[in-house]
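What you see is a predicted model, and the numbers here were worked out from it, not measured in a lab.
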Amino acid sequence: MSTNEYLTSALKSDPDFKEALLLQAELFTETGRETDAIKAFETVISSDSNFFVPAYALVGNLYLRLGDFSRSANYFSLYLNKLRPDNPQYERVVTLLFQAKKADSLMSNPSAIELEKPGNGVNTEADEYVNAISLDQQQLLITRKSKKMDSQLNADQQERFFVSESKNDHWSEPVAFIIPGAKGNQGALTFSADGKKMFFSGCNWEGGIGSCDLYMSQNKSGIWSEPASLGRRVNSALWESQPSLSSDGQTLFFSSNRKGGYGGSDIYKSILLDDGQWSAPINLGSEINTDGNEMSPFIHPDGKTLYFSSDGQLIRLGKSDIFLSRMDIAERWTVPVNVGYPVNTIDNELNIVIGTNAGEAFVSSDRDGDENGFDIYHFVLNSHVKPQAITYLKAKVIDDKTGLALQASYRLTELNTGAVFFDDKTTVDGMFMLPLLPHQKYGLQVEKEEYLLFSENYTLDADSASRPFEVVVRMKRITEGQKTVLRNVFYETGLAGIKDESKQELDALVDFLRLNKYVSIEISGHTDNTGNDSLNQHLSEKRAESVKSYLLDKGIEAGRIQTKGYGSSRPMMPNDTAEGRAANRRTEMEIIALQR
């Protein structure tokens, strides 16, 4: 007879055999039969509440494991009432009571609305882990890990990437995302905001440094390069995985179990250096990392809200939960907060990605049991666990006459600081997409040889996240008489002095003149009709001269630059609105001669 059979036989003879009930409860606990274990313990307690006082704590732990946090808290409270404060177990039970009450509060105050699972084959009998969502929220990147050998895959390729497209508010059946030159299992993919670079983990690759290393690939003219390891400065002899890149491309977050951390795996960051290399990893510290496992960091495009999974944080609903921490004004990470139910459950939640609109979240979880494994779940987050909503600029560059796509260079600058956020080329079909944060002022320049410089600016307010900027950039070929507005040249109010935030635009104009040495231009100043006509005329002339002086200081020949002030005589829009007057206060460049 088995041990349980002996105990069952003994209890049949004497249902009040407390020692047998306690042994049976211990056996049920060890074999995962929590409900049966609770029943046995509660029988002992109801028979004699003082026979085995630790039973209260054991039942509390079992209810904690089952996610019945209210009953768990009740049993821990009853146990404390039977302990003296100097008992060695007292403080530990106080902590467990705190955990149970906090977990019960999380369950009672849902933090999200659960939506239907993404359909059309996003989830399969394999394990699916969500990796990334594009800025426009039209592409969902996942890792799919086969649970059994696939005859169409090599033994070392059971884990690979797939992409699903959003079509008519539904996610399409994922198709394989192939990385040229990938040498085996790959997972945990993250893209740069402009989609030109990707970082991912390659495991057990030939020539690898550790069991899993971080690799990078770049998109050049529509083709992804072969993966390049981030090298020994970032990768260790152990495990590096689950990268997440900040929207400005300057910080790479990832998980590692390298030596020197706080627990099993910790979250680190690496900074992009001026020479294009990544810095040695920096541990995010004990505020984020515990003696357990912190994994799957996701830095939202707002640049200041970090999500991650942990099985070591104090307040958890299950084995591994999703937490968030925000960067404060001193660039320190705040105490992590549990994202709450129903995003988190009593099971494992391992990954989260959140779109630019800050509302929709995708989470990887095994909540449906071992048979289904890890699947992807869809939520709309409540405000207290949301990141800051951002928007994006999505542009296509075309020839103004033919409408054909052009591959061109673009630069996005934050005008108040002069920081260049992106300086790159469009795809071969003329596309680019960039994140834009609220309460910022951006300048955009687009350049291509034989075409006029294009410039635009975007001033974002609190409501900007609700309206993406989707534009067509029409590039005009260089011909005599063609004009372009230099929209990012700014002056002090009523004066001719050029503001510092104009530097990137004027430097782009310098580059244009150096690239097209056969071009002579006129710089013209324009005002609105507010105030005295004579003063406006004089101001427009002085402002044009200020721009010319800047170009001369940069080495552009004086003979190629003429200036003209037009005052308010050439309005672009009626002067009867603030918007119209702002448009009329401008600096223009006109092609006046071509000497090829």
Side-chain angles (χ1 to χ4, degrees), residues 111-147 159-167 169-177 179 185-193 195 198-201 241-245 247 253-255 267 294-301 305-310 318 320-324 339 342-345 347-368 372-381 385-387:
S111 62
I113 300 171
E114 186 165 4
L115 304 179
E116 291 183 4
K117 283 187 182 181
N120 296 318
V122 171
N123 292 311
T124 67
E125 65 179 8
D127 287 327
E128 277 81 27
Y129 304 94
V130 65
N131 290 163
I133 189 168
S134 59
L135 279 179
D136 60 2
Q137 302 180 135
Q138 297 300 298
Q139 290 186 320
L140 193 66
L141 279 296
I142 67 174
T143 298
R144 180 172 290 164
K145 184 176 182 180
S146 300
K147 295 182 181 179
E159 194 171 358
R160 55 179 180 161
F161 301 123
F162 288 79
V163 59
S164 175
E165 305 275 350
S166 179
K167 297 178 179 178
D169 295 325
H170 290 86
W171 291 99
S172 68
E173 184 171 352
V175 296
F177 182 82
I179 300 177
N185 281 329
Q186 59 227 249
L189 179 69
T190 184
F191 281 96
S192 59
M198 62 179 169
F199 298 79
F200 63 94
S201 178
S241 188
Q242 303 165 339
S244 181
L245 186 67
S247 60
F253 297 85
F254 61 93
S255 300
I267 296 174
E294 278 65 49
M295 302 176 69
S296 304
F298 170 74
I299 184 71
H300 187 263
T305 311
L306 179 71
Y307 296 82
F308 61 95
S309 71
S310 173
S320 177
D321 281 5
I322 303 295
F323 292 81
L324 76 87
V339 172
V343 173
N344 292 318
T345 65
D347 295 297
N348 286 295
E349 282 69 46
L350 287 184
N351 308 76
I352 188 170
V353 300
I354 302 171
T356 52
N357 66 9
E360 292 186 81
F362 297 84
V363 175
S364 305
S365 174
D366 64 353
R367 66 187 63 187
D368 280 348
N372 290 320
F374 279 91
D375 281 343
I376 296 171
Y377 297 79
H378 191 191
F379 301 90
V380 174
L381 299 177
V385 294
K386 280 184 179 182

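- Between Phe253 and Thr190, the closest side-chain pair of non-hydrogen atoms is not below 4.5 Å.
- Checked by atom type and distance alone, the side chain of His170 never pairs as donor or acceptor with a backbone atom of Pro118 at under 3.5 Å.
- The two residues Ala361 and Ile354 make their nearest non-hydrogen contact at CB-CG1, 3.9 Å.
- Side-chain contact between Val363 and Val130 is absent, with no heavy-atom pair separated by less than 4.5 Å.
- The structure places CD1 of Ile376 at 12.5 Å from CD1 of Ile352, a figure rounded to the nearest 0.5 Å.
- Separating the NZ atom in Lys386 from the OG atom in Ser111 is a distance of 12.0 Å, to the nearest 0.5 Å.
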Worked check of side chain to side chain contact (heavy atoms under 4.5 Å, CB included) between Asp368 and Tyr377:
CA-CA 11 Å; Asp368 280 348; Tyr377 297 79; 2.9 Å; yes

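- For the pair Ser164 (side chain) and Leu140 (backbone), a donor-acceptor distance under 3.5 Å is absent.
- Considering every non-hydrogen atom in both Ala176 and Phe162, the closest pair reads N-CD2, 3.5 Å.
- Although no hydrogens or angles enter the test, the distance criterion places no donor-acceptor pair under 3.5 Å between the side chain of Asp347 and the main chain of Asp366.
- Remark: the backbone N or O of Leu350 is not paired with any side-chain donor or acceptor of Ser320 at under 3.5 angstrom.
- Closest approach of Ile142 and Val122 over heavy atoms only: CD1-O, 3.9 Å.
- In summary, the side chains of Gln186 and Glu159 do not present any donor paired with an acceptor at a separation below 3.5 Å, with no hydrogens or angles considered.
- Considering every non-hydrogen atom in both Lys117 and Asp375, the closest pair reads NZ-OD2, 3.0 Å.
- Put simply, NE2 on His378 and CD1 on Ile113 are 11.0 Å apart, with the number rounded to the nearest 0.5 Å.
- Legend: residues meeting side-chain hydrogen bond (donor to acceptor under 3.5 Å, both in side chains) with Thr143, ordered by chain and number and at least two apart, are Asn131.
- Considering CD of Glu128 and CZ of Phe374, their distance stands at 11.5 Å, rounded to 0.5 Å.
- Atom CG in Asp321 sits 9.0 Å away from atom CG in Asn348 (nearest 0.5 Å).
- Taking the side chain as every heavy atom from C-beta outward, Tyr307 and Pro387 approach each other to under 4.5 Å.
- Taking the six-membered ring where the residue is Trp, Phe161 and Phe177 present perpendicular rings, their angle passing 60° and hence far from 30°.
- Between Phe308 and Met295 the shortest side-chain heavy-atom distance does not fall below 4.5 Å.
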Taking it one step at a time, do Gln242 and Ser255 satisfy side chain to side chain donor-acceptor pair (under 3.5 Å)?
CA-CA 6 Å; Gln242 303 165 339; Ser255 300; 3.0 Å; yes

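- For the pair Ile179 and Met198, the minimum side-chain heavy-atom distance is below 4.5 Å.
- Between the side chain of Ser247 and the backbone N or O of Pro301, at least one donor-acceptor pair lies under 3.5 Å.
- For Ala112, the side chain to side chain contact (heavy atoms under 4.5 Å, CB included) test picks out Pro342, Val343, Phe379, Leu381, with sequence neighbours left out.
- Once rounded to the nearest 0.5 Å, the distance linking CG of Leu306 with CD1 of Ile267 reads 5.5 Å.
- Not a single donor-acceptor pair under 3.5 Å links the side chain of Ser309 to the backbone N or O of Ile322.
- Every side chain to side chain contact (heavy atoms under 4.5 Å, CB included) that Asn357 has, sequence neighbours left out, goes to Gln137, Glu360.
- Proximity of a side-chain donor or acceptor of Ser134 to a complementary backbone N or O of Gln139 within less than 3.5 Å is detected.
- Contact detail for Phe199 and Pro243: the closest heavy-atom pair is O-CG, 3.6 Å.
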